[in-house]
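All remarks here apply to the structure that follows.
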Amino acid sequence: MPKPKHFELSKQTYKICFCCRRKFKLAVAEAPKEIKALFGKYSENDVMTASYLQQFLVEEQKEEKVTIRDAQGIIDSLRHLHVFHHRGINLEGFFKYLFGDINPPLPPKIEVHQDMDAPLSHYFIYTGHNSYLTGNQLTSPSSDVPIINALQRSVRVIELDVWPNSSKDNVDVLHGGTMTAPIELIKCLRAIKKYAFSASDYPAVITLEDHLTTSLQAKAAEMITQTFGETLYIPDSKCIKEFPSPNSLQKRAMISTKPPEDVEGKDMAQKSTKDSINNEKEATKTQKAPEYKRLIAIHAGKPKGGLKEALMVDPNKVRRLSLSELELEKAADDYGKELVRFTQNNILRVYPKGTRIDSSNYDPLLAWTHGAQMVAFNMQGHGKPLWLMQGMFRANGGCGYVKKPDFLLKTGPNDEVFDPKDKLPVKKILKVNVYMGDGWYYDFHHGHFDKFSPPDFYVKIGVAGVPADTGMKKTKVLEDNWIPSWNEEFEFPLTVPELALLRVEVHEYDMSNSDDFAGQTCLPIWELREGIRCVPLYNCEGEMYKSVKLLMRFTFVSP
């Protein structure tokens, strides 16, 4: 007979001093009272048949389309756990189903379910910043490994800073003006070509921060063309009134950068004007490397003048504008409505401020609530902002494109647009029950949290969204328990649920030091499945733990 999974728990002892040990009672995962009550309601003679399970799924889990055949499939999937009856499942089987991988909080990743035929500007797009860096922004080596890792996580926008190499005869990728070691452009391009569609079929965009001479632009164009071939999307004209759709660009790569004349024009303005014959030579440079300019599918550039001029909308041409996080903050304060209008048809890219040399990130919600599509993040910079980014792009099947809410795409009869600062009525209330957690004993070392006793876990839970919806709450601390059972309920009024993310963090209380991290997840509230769900947790880097999970219930009610 195989030993039950909790067998080791019965032997847990902790050394207090040289000669003394402290024993703790066996901890076993047990179904909460509410689940026992639900099993009693949807069973007969301690057996839940496929018919009863289907009724439970429809009435409690709000899965209206589920059939008896689907319910029987769930029962059959539990047979290897030896928790079934010939007519159905018992309480233990019901509990294992609810607290198992086949009962996730988001729709299973079977297919993309949003409309993918709108212009690219109608989507939030999973975007990387300095995608080639392995660590900090000053000294870390450049590599194709972080590019590959990003693409395998459905990141759809890869940024490359391109520079002449040391001998000025080829193209390198590196963070200019720093001590970051370079990597050849061709290696980055080949990595993108190989892995671009490993996790998503939707278009992969390469944004180039261009510091090349005209001759090297031509060389870069040749490398790009030869590497991607027919995979590369080349627009029919240099000026387009509307971006193509993700559906029309499936398994296509796209280039986004400033057109050469914009780059050269900036350089010319900084040069001395004492030699008119030399200025004429510089002027002709913008006419060269037409093959490079031809490849640009998303034209970037910032018009001369201030933020107001930069956000002017040209009805005959769409473009991409880049703003630093500090520029975005100023624009949101002074020109919030102009930001939203600009992003209805044009693409706004936001990038971290230059002082983030540790590759940290910023709060993405300000950008998203103003319609910014490309919120560029350092994917190697772990922490809360990246958890929010990962949470956003768990939506829509994890394809890297999330359709923006309609209110960010429309203008009202009086030319009004969405303002995230407006005081809006509560649209719905999210009720969250935090029942219990499990799995830490198997994924962490015995003394990871506390050398002298089992851990003291608590849960922080809240919402990230528009300012009115943002806030955090927490459960009580449960002492000395590897399988904590909180059984607490929280309510979150939501004025803009379409832009709200549910934040969940578990910590271990430490009286003398800072509390220990014990897992996190972030979930798009507009895709949450109602009912009792098994919520897997992730580490700081966003990797899913093998065993750590929470049992929770989600309910939406009218205010």
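Hydrogens, waters and symmetry mates are skipped; everything else that's a heavy atom, side chains included, is used.
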Between [X] and [Y], does any side-chain N to carboxylate O distance fall below 4.0 Å?
| X | Y | answer |
| --- | --- | --- |
| D117 | K403 | no |
| K302 | E327 | yes |
| K474 | E505 | no |
| E543 | R153 | yes |

- Item | Distance under 6.0 Å and angle within 45° of ring axis: R553 vs F99 |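 Judged by the rule (NZ or CZ under 6.0 Å from the ring centre, within 45° of its axis), R553 is not positioned above F99.
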- Test the K473-F490 pair against the cation-pi criterion, namely NZ or CZ under 6.0 angstrom from the six-membered ring centroid and within 45° of the ring axis.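 Cation-pi check for K473 and F490: fails.
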Would the distance check show the side chain of [X] and the main-chain N or O of [Y] forming a donor-acceptor pair, the cut-off being under 3.5 Å?
| X | Y | answer |
| --- | --- | --- |
| K258 | E209 | no |
| D144 | I148 | no |
| E309 | G306 | yes |
| H175 | Q137 | yes |
| S360 | R356 | no |
| E530 | F556 | yes |
| S248 | S245 | yes |
| N103 | I532 | yes |
| Y362 | K353 | no |
| N361 | P385 | no |

- Could you go step by step and tell me if D443 and S547 meet the side-chain hydrogen bond (donor to acceptor under 3.5 Å, both in side chains) rule? CA-CA 6 Å; D443 290 354; S547 309; 3.1 Å; yes
Minimal non-hydrogen separation, [X] against [Y], with atom names:
| X | Y | value |
| --- | --- | --- |
| P105 | C534 | CD-O, 3.2 Å |
| F393 | G400 | CE2-O, 3.5 Å |
| T127 | V155 | C-CG1, 4.3 Å |
| K168 | L216 | O-CD1, 4.1 Å |
| L232 | R252 | O-NH2, 3.2 Å |
| I234 | R294 | CG2-O, 3.4 Å |

- Could you walk me through whether Y458 and H507 pass the ring-ring contact (aromatic ring centres under 6.0 Å, His included) check? CA-CA 6 Å; Y458 66 92; H507 296 269; 5.8 Å; yes
- Item | Which residues share a ring-ring contact (aromatic ring centres under 6.0 Å, His included) with H448, sequence neighbours left out |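 Here the qualifying residues are F444.
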- Residues forming a ring-ring contact (aromatic ring centres under 6.0 Å, His included) with F418, sequence neighbours excluded: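 Scan of F418 (ring-ring contact (aromatic ring centres under 6.0 Å, His included), adjacent residues dropped) gives F407.
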- Query: Under 3.5 Å, is there a donor-acceptor pair between the N130 and Y351 side chains?
  - Reply: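 Looking only at side-chain atoms, Y351 and N130 do not form any donor-acceptor pair under 3.5 Å.
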- Query: In terms of side-chain heavy atoms, does S359 have a donor or acceptor partner in Q380 at a distance below 3.5 Å?
  - Reply: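 Yes.
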- Task: Show your working on side-chain hydrogen bond (donor to acceptor under 3.5 Å, both in side chains) between N346 and R319 and close with a plain yes or no.
- Result: CA-CA 5 Å; N346 298 279; R319 59 187 169 92; 4.9 Å; no
- Task: Apply the side-chain hydrogen bond (donor to acceptor under 3.5 Å, both in side chains) test between R349 and each candidate in Q373, E159, H129; give the one that qualifies.
- Result: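 Result: among Q373, E159, H129, E159 is the only option passing the side-chain hydrogen bond (donor to acceptor under 3.5 Å, both in side chains) with R349.
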- After noting the C-alpha distance and the side-chain angles of W440 and Y545, does the key distance pass the ring-ring contact (aromatic ring centres under 6.0 Å, His included) rule? CA-CA 9 Å; W440 290 279; Y545 290 120; 8.4 Å; no
Is it the case that over 12 heavy atoms from other parts of the model lie below 6.0 angstrom from the [atom1] atom of [X]?
| X | atom1 | value |
| --- | --- | --- |
| D101 | CG | no |
| M472 | CE | yes |
| R190 | CZ | no |
| E230 | CD | no |

- Apply the test side chain to side chain contact (heavy atoms under 4.5 Å, CB included) to residues M392 and W387: give CA-CA distance (whole Å), side-chain angles for both, the deciding distance (0.1 Å), then the verdict. CA-CA 9 Å; M392 166 64 82; W387 303 343; over 6 Å; no
- Task: Give the intermediate values and the outcome of side chain to side chain contact (heavy atoms under 4.5 Å, CB included) for residues F554 and M552.
- Result: CA-CA 7 Å; F554 307 112; M552 306 177 75; 4.0 Å; yes
- Check against side-chain hydrogen bond (donor to acceptor under 3.5 Å, both in side chains), Y292 and D210: CA-CA 11 Å; Y292 180 80; D210 182 357; 2.8 Å; yes
- Task: Give a yes or no on whether the ring-centroid distance for F377 and Y126 is below 6.0 angstrom.
- Result: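 For F377 and Y126, the ring centres are not under 6.0 Å apart.
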- Message: Check for me whether the distance between the ring centres of Y202 and Y123 falls short of 6.0 Å.
- Response: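 Aromatic pair excluded; centres sit 6.0 Å or further apart.
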- Task: For side chain to side chain contact (heavy atoms under 4.5 Å, CB included), just list the numbers for V535 and T521, CA-CA rounded to whole Å, side-chain angles, deciding distance to a tenth of an Å, and then say yes or no.
- Result: CA-CA 8 Å; V535 180; T521 191; 3.7 Å; yes
- Evaluation steps, side-chain hydrogen bond (donor to acceptor under 3.5 Å, both in side chains), between S154 and R156: CA-CA 6 Å; S154 296; R156 296 290 79 202; 5.7 Å; no
- Query: So how far is it from L528 CG to L523 CG, rounded to the nearest 0.5 Å?
  - Reply: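 Between atom CG of L528 and atom CG of L523 there are 5.5 Å.
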- Task: Begin from the C-alpha positions of D334 and L307 and carry the test side chain to side chain contact (heavy atoms under 4.5 Å, CB included) through to its verdict.
- Result: CA-CA 9 Å; D334 299 340; L307 279 171; 5.8 Å; no
